[in-house]
Amino acid sequence: MWVTEKAMLKAKSEWKEAHSLMQDLMFKPQFFTFKAWVWAAATISSRTLHIPWDEAGCLCPVGDLFNYDAPGIEPSGIEDLDRLLSNTSIPDTIVLNGDKNIMVDAEQLDSHSWRLTDGGFEEDANAYCFYAREHYKKGDQVLLCYGTYTNLELLEHYGFLLQENPNDKVFIPLEPALYSSTSWSKESLYIHHNGKPSFALLAALRLWATPQNRRRSVGHLVYSGSRVSTDNEIFIMKWLSKTCDAVLRNLPTSLEEDTLLLNAMDNSQDFSTFMEITKLVSSREETYTFLETHNMKDTHSFTDVILSRKARRSMDRWKLAVQWRLKYKKVIFDCISYCNKILDSLVK
């Protein structure tokens, strides 16, 4: 909701700023409306391709037809790079990893597997070039990666999300003192799509849980990814599990309720069946809001209700929101499971 509100405020602000320019350009009246502005802005942000000489980008026939495919998990350290090198091949390249320069052998790294995008304007060819990351056969859908995005970013900028997104991230509230005890940026302190804490989050928690007068002496362990001590690891796993549990409890709906609601949206043959299923959800405020928005609040029987085009589009958006928050909750739930698994191994 915060991301949506922020995007709307930004769009309205930019629309107002551009109003005098549109007057100078003598736009037709229908192009002055906020609705027209949102359509134009969305077209640029979701359909144009990047070019070096114009920040607005360009429209590229056929090039904007490919559906999105997420890149693989980004290499985050020497171990990931070694794993990548064992399966790929290409010309000599130097990869920067922090302060270290690593020379990559000519037959070890594939340029297209290393890319985070599958296309770009190439001056030598004077054309926008696309590259396939796999061998496609006749009838296969050709997918295009245009960067690393979380599901929330995909939903905001492109209007969809992925069932499996290796680049998804979940952020949880952390103690203020934790930020001051580490040099890691806030953006690096997150939970991965599979429920595992990021390297930076684990390191920051380990350092934060260490008495201040001992942090310097254990810094080399923390920044190498090693545990400080068994007691330290037990403390941070319990804290992380408790924090995740509190996040889930404070949300308006539960994981089970969202699952039920999504199943109702997917499997209901008619609106009447959908309404019957949603009665099982304890928090029905969303359903009432939907009915009120589409003048259906006083409807006594939904048996013969046929949703208007506007109502169907609204329900599609509602479904996307439920899908996103369900995935968000599953990541947090999986993090609790991860913490419990680590705790079980430590207390034995």
Side-chain angles (χ1 to χ4, degrees), residues 72-87 97-100 150-152 164-251 254-256 258-259 325-348:
I73 299 173
E74 295 178 74
S76 57
I78 298 294
E79 302 86 0
D80 290 336
L81 185 59
D82 287 342
R83 198 158 46 246
L84 181 69
L85 294 179
S86 65
N87 296 313
N97 183 53
D99 295 327
K100 301 176 182 178
T150 65
N151 268 343
L152 186 56
E164 295 295 332
N165 186 352
N167 302 294
D168 210 9
K169 302 173 183 177
V170 165
F171 294 87
I172 58 172
L174 301 172
E175 297 288 343
L178 189 145
Y179 297 114
S180 59
S181 67
T182 179
S183 59
W184 296 103
S185 66
K186 290 184 179 181
E187 292 75 19
S188 64
L189 307 177
Y190 60 85
I191 301 171
H192 285 289
H193 71 288
N194 56 7
K196 292 184 178 181
S198 68
F199 180 94
L201 178 56
L202 271 180
L205 285 170
R206 286 166 177 159
L207 204 59
W208 166 71
T210 302
Q212 198 162 0
N213 60 353
R214 291 192 60 239
R215 288 176 184 172
R216 184 181 294 273
S217 63
V218 301
H220 66 288
L221 292 173
V222 170
Y223 289 106
S224 66
S226 301
R227 294 173 180 173
V228 174
S229 68
T230 300
D231 288 343
N232 178 282
E233 201 72 8
I234 289 174
F235 175 83
I236 67 169
M237 287 300 154
K238 284 183 176 179
W239 183 90
L240 188 55
S241 177
K242 183 180 178 181
T243 302
C244 287
D245 183 66
V247 169
L248 290 177
R249 289 179 184 276
N250 288 331
L251 293 172
S254 68
L255 194 151
E256 292 76 18
D258 286 347
T259 301
R325 74 187 192 212
L326 181 58
K327 291 182 181 302
Y328 172 87
K329 289 168 186 167
K330 282 182 176 178
V331 171
I332 296 177
F333 180 81
D334 288 343
C335 186
I336 295 174
S337 300
Y338 170 83
C339 292
N340 291 337
K341 184 178 178 181
I342 298 297
L343 286 168
D344 288 343
S345 68
L346 292 173
V347 297
K348 287 180 180 179

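Because only heavy atoms are used, hydrogens play no part in the values below, and waters and symmetry mates are left out as well, while side chains stay in.
The minimum heavy-atom distance linking Ser188 with Ser198 is given by the pair O-OG, 2.8 Å. Nearest heavy atom pair, residue Ser224 against residue Phe199, reads C-CZ, 4.1 Å. Nearest heavy-atom pair, Ala204 versus Thr182, reported as atom, atom and distance to 0.1 Å: CB-CG2, 3.9 Å. Listed here is the closest heavy atom pair of Leu178 and Ser181: O-OG, 2.8 Å.
Taking the side chain to side chain contact (heavy atoms under 4.5 Å, CB included) definition, one finds that Lys329 meets it with Leu248, Leu251, Thr253, Leu255, Asp258, Arg325, sequence neighbours left out. With sequence neighbours excluded, the residues satisfying side chain to side chain contact (heavy atoms under 4.5 Å, CB included) with Lys196 are Asn194, Tyr338. Scanning for side chain to side chain contact (heavy atoms under 4.5 Å, CB included) contacts around Ser337 gives Phe333, with sequence neighbours left out. Applying the side chain to side chain contact (heavy atoms under 4.5 Å, CB included) rule to Asn165 yields the partners Ala70, Asn151, Leu154, Leu162, Asn167, Asp168; only residues at least two apart in sequence or on another chain are considered. Applying the salt bridge (Lys or Arg N to Asp or Glu O under 4.0 Å) criterion to Arg249, with sequence neighbours excluded, gives Asp245.
Rounding to the nearest 0.5 angstrom, the gap separating the CG atom in Leu346 from the NZ atom in Lys341 is 12.5 Å. Atom-to-atom distance recorded for Leu205:CG and Leu189:CG is 8.0 Å, nearest 0.5 angstrom. Lys169 NZ to His193 NE2: the interatomic distance, rounded to the nearest 0.5 Å, is 12.5 Å. Between Phe171 atom CZ and Glu187 atom CD the span is 7.0 Å, to the nearest 0.5 Å. Here Lys242 contributes atom NZ and Cys339 contributes atom SG; the two are 13.5 Å apart, rounded to the nearest 0.5 Å. Here the CD1-OG distance, from Ile332 to Ser241, works out to 11.5 Å after rounding to the nearest 0.5 Å.
For the pair Asp334/Ile191, no side-chain contact is recorded, criterion being any heavy-atom separation below 4.5 Å from C-beta on. Counting heavy atoms from C-beta outward, Trp184 and Leu201 have side chains that stay 4.5 Å or more apart. Residues Leu240 and Pro197 meet the side-chain proximity criterion, which asks for heavy atoms closer than 4.5 Å. Contact check for Val331 versus Tyr190: no side-chain heavy atoms found under the 4.5 Å cut-off.
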Side-chain donor-acceptor distances from residues 229-239 under 3.5 Å, at least two apart:
from	atom 1	to	atom 2	distance (Å)
Ser229	OG	Asn232	N	3.1
Asn232	ND2	Arg206	O	3.2
Asn232	ND2	Thr210	OG1	3.3
Glu233	OE1	Arg206	NE	3.0
Glu233	OE2	Arg206	NH2	2.9

